[in-house]
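Have a look at the structure below, then the notes.
Only a predicted model underlies this, so the values are computations on that prediction, with no experimental measurement involved.
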Amino acid sequence: MVELSFGLLVLLGCIFALKPIVSKTDRPNFRYIPVATLLFGAMIFLVLAIGVGGKMGIAYGVMSIVYFIACFGAYMYVHTRTS
């Protein structure tokens, strides 16, 4: 349960840090750091969902899906802002 709350805090932190990073960064590759962090978190929760069964496995799976959706949204945000 602690992992899920920590994961939610990381998710919110990446989402709130996305706009200042995109607007203040001159280097184009550094704009994708929050996207990479979200993708890495999604992979971690996916591995946890596969390894753990029962209710916690389902919770990890849902958190993995949320991270994947947030990663796609962050990527689209960075792509549309930089184009």
Side-chain angles (χ1 to χ4, degrees):
M1 200 64 170
V2 174
E3 299 90 5
L4 291 175
S5 60
F6 182 69
L8 186 63
L9 289 175
V10 170
L11 176 71
L12 292 175
C14 283
I15 290 173
F16 288 133
L18 185 63
K19 187 175 180 179
I21 287 174
V22 170
S23 64
K24 294 180 182 178
T25 304
D26 294 334
R27 294 179 145 181
N29 292 336
F30 286 170
R31 293 181 181 136
Y32 291 99
I33 289 174
V35 176
T37 305
L38 289 170
L39 185 63
F40 184 68
M43 295 300 222
I44 288 174
F45 279 115
L46 186 63
V47 168
L48 283 171
I50 292 170
V52 178
K55 288 188 221 178
M56 284 306 290
I58 293 172
Y60 288 145
V62 168
M63 195 64 146
S64 174
I65 291 169
V66 168
Y67 263 75
F68 277 122
I69 292 171
C71 178
F72 179 71
Y75 173 75
M76 291 306 293
Y77 178 78
V78 171
H79 184 70
T80 56
R81 289 289 181 184
T82 57
S83 294

Original post:
Taking only residues two or more places apart in sequence, or in another chain, which ones meet L11 in a side chain to side chain contact (heavy atoms under 4.5 Å, CB included)?
Top reply: L8, I15, L38, V66, Y67, A70
Subject >> Which atom of A49 lies closest to which atom of G57, heavy atoms considered >> reply: CB-O, 3.5 Å
Original post:
Of all residues at least two apart in sequence or in a different chain, which pass the side chain to side chain contact (heavy atoms under 4.5 Å, CB included) check with L4?
Top reply: M1, F45, M56, A59, Y60, M63
Original post:
Does L46 share a hydrophobic cluster with F72, counting links as ILVMFWY side-chain heavy atoms below 4.5 Å and allowing steps through other members?
Top reply: no
Original post:
With the 4.5 Å side-chain cut-off for hydrophobic clustering, are I21 and L12 part of the same group?
Top reply: no
Original post:
Any chain of hydrophobic side-chain contacts (each under 4.5 Å) joining I65 to I58?
Top reply: no
Original post:
With distance as the sole test, does R81 use its side chain to make a donor-acceptor pair with the main-chain N or O of V22 at under 3.5 Å?
Top reply: no
Subject >> Pairwise distance OH(Y32) to CG(L18) - rounded to 0.5 angstrom >> reply: 10.5 Å
Original post:
So do L39 and F68 actually touch side chain to side chain, heavy atoms under 4.5 Å?
Top reply: yes
**OP:** Please answer: with hydrophobic residues joined when any side-chain heavy atoms are less than 4.5 Å apart, are F6 and V52 in the same cluster?
**Re:** yes
